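All of these numbers come straight from a predicted model, not from anything done at the bench. Count residues from 1 along the sequence.
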Amino acid sequence: MTVIDPETQWVPEADEVGDDEEEMPLSLRLSIADTLTLGNATCGFMAVYFTTTGILIPHLTGSDESGMARHSAATAVILMLCAAVFDLFDGLVARKLRSSPMGAELDNLSDLISFGLAPAYFVLVYGMVADDAYQKVAAVGAIVVLLAVVLRLARFSCVTVKDGTFQGMPSPFGALTVVSIVLLELPFVATLMAIVGTAWLMVSRVEYPKPRGPLAIAMIAWIVSGMGLLAAWAFDAPGGQLLLQTGCALQLVLGAVIPLFATARRVNNFRGNRREARAAQLP
């Protein structure tokens, strides 16, 4: 609060104010990791934009190109893949350098846009443009995806798990699995069941390894390969459709196999602990 002398009407000069008050609050300074996180959010928003302008609006206006417009669908999914790259690197940079006090909040909000809103909206638009889809039922599936990501991110902020693992399918992996299910163009019922199953995995207690070291490199290679498959499909390259379907199918296989390995490892650990406990009780 500014103090004014009632006799002299004197007001302190700006240079007499303490240095601490002139400096920007620490909580408002963006680090390099925060900038990458904002790139994540930007990619998610642009994915929604391309889904709307390239797929939904042409469908509503009755343009000649019907169904899922290849170029716009590929662009939207590539932007989600780019968001996953930003999400991977902002964590690596934050561990190597530093993150601002609001880094964790920025990360959760950006993930909600790129891996919650964007894939859920993709599912919603799919329900509106696909020939065999039911719009209202697809809207329910989209809401399930969005709420699963919201719950997962909220739990991630509150629950501490052992180092090196995630509890539940990570939201970037879940988002890519959801859009892979849509791009496979399976029958509507199978598509919806697979989407709901993916949403359940995101809020489950199944352990997933964190992408560090060789696993992070493998993830980057997988994302780059996915971008190439999407580009080949978008430009109708020879065998592009088959390549895309193969890539999407592999994404689904990974989503299903990782929980099986995690469950098998947990069962083996439980049995090993029981054997050790019995051995300790023997005279």
Side-chain angles (χ1 to χ4, degrees), residues 44 47-48 51 55-56 59 66-70 72-74 76-77 80-81 83-84 111-112 114-156 166-208 222 226 229-230 233 241-264 266-267:
V48 173
T51 303
I55 302 174
L56 181 59
H59 173 75
S66 61
M68 299 291 284
R70 288 193 174 194
S72 296
V77 180
M80 294 184 213
L81 289 168
D111 287 353
L112 179 59
S114 298
F115 312 125
L117 176 62
Y121 187 70
F122 199 80
V123 172
L124 179 65
V125 172
Y126 155 75
M128 298 177 69
V129 304
D131 295 333
D132 64 338
Y134 298 91
Q135 180 176 338
K136 293 182 179 179
V137 181
V140 174
I143 292 173
V144 169
V145 171
L146 180 63
L147 294 182
V149 175
V150 170
L151 292 172
R152 172 180 167 67
L153 293 175
R155 187 179 67 183
F156 178 77
F166 288 114
Q167 189 178 77
M169 179 183 287
S171 52
F173 193 87
L176 298 180
T177 303
V178 167
V179 296
S180 295
I181 294 168
V182 175
L183 292 175
L184 274 175
E185 298 182 356
L186 300 171
F188 177 72
V189 175
T191 298
L192 187 65
M193 291 179 62
I195 289 173
V196 173
T198 303
W200 176 81
L201 284 174
M202 283 193 280
V203 297
S204 70
R205 295 187 178 183
V206 176
E207 293 180 352
Y208 283 77
W222 177 254
L229 294 175
L230 285 164
W233 171 70
Q241 179 73 23
L242 179 61
L243 289 173
L244 179 70
Q245 291 179 345
T246 302
C248 292
L250 287 175
Q251 179 73 27
L252 296 186
V253 170
L254 285 175
V257 167
I258 292 176
L260 293 178
F261 275 112
T263 302
R266 182 176 296 180
V267 170

Name the atoms and distances for all side-chain donor-acceptor pairs under 3.5 Å in residues 140-150, with sequence neighbours left out.
none

Minimum heavy-atom separation for [X] and [Y], please, with both atom names.
{"X": "I55", "Y": "S72", "value": "CG1-CB, 3.9 Å"}
{"X": "R155", "Y": "M202", "value": "NH2-O, 3.6 Å"}
{"X": "C248", "Y": "L183", "value": "SG-CB, 3.9 Å"}
{"X": "L229", "Y": "G247", "value": "CD1-CA, 3.8 Å"}
{"X": "P119", "Y": "S114", "value": "CD-O, 3.3 Å"}
{"X": "F115", "Y": "P172", "value": "CE1-CG, 3.6 Å"}

From [X] atom [atom1] to [Y] atom [atom2], the distance as rounded to the nearest 0.5 Å:
{"X": "L186", "Y": "T191", "atom1": "CG", "atom2": "OG1", "answer": "4.5 Å"}
{"X": "L176", "Y": "L252", "atom1": "CG", "atom2": "CG", "answer": "11.5 Å"}
{"X": "M128", "Y": "Q135", "atom1": "CE", "atom2": "CD", "answer": "4.5 Å"}

Could I get the full list of side-chain contact (heavy atoms from CB on, under 4.5 Å) partners for L254, not counting sequence neighbours?
->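 side-chain contact (heavy atoms from CB on, under 4.5 Å) list for L254, sorted by chain: F173, W222.
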Please answer whether the main-chain N or O of G174 pairs with a side-chain N or O of T198 as donor and acceptor at a distance below 3.5 Å.
-> no
Within the side chain of R70, is there an N or O that forms a donor-acceptor pair under 3.5 Å with the backbone of L230?
->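 No.
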Any side-chain heavy atom of R152 within less than 4.5 Å of one from P170?
->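 Yes, close enough: below the 4.5 Å cut-off.
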Any side-chain heavy atom of V137 within less than 4.5 Å of one from F188?
-> yes
For F122, the option from L117, V178, V77, V48 that meets side chain to side chain contact (heavy atoms under 4.5 Å, CB included) = V77
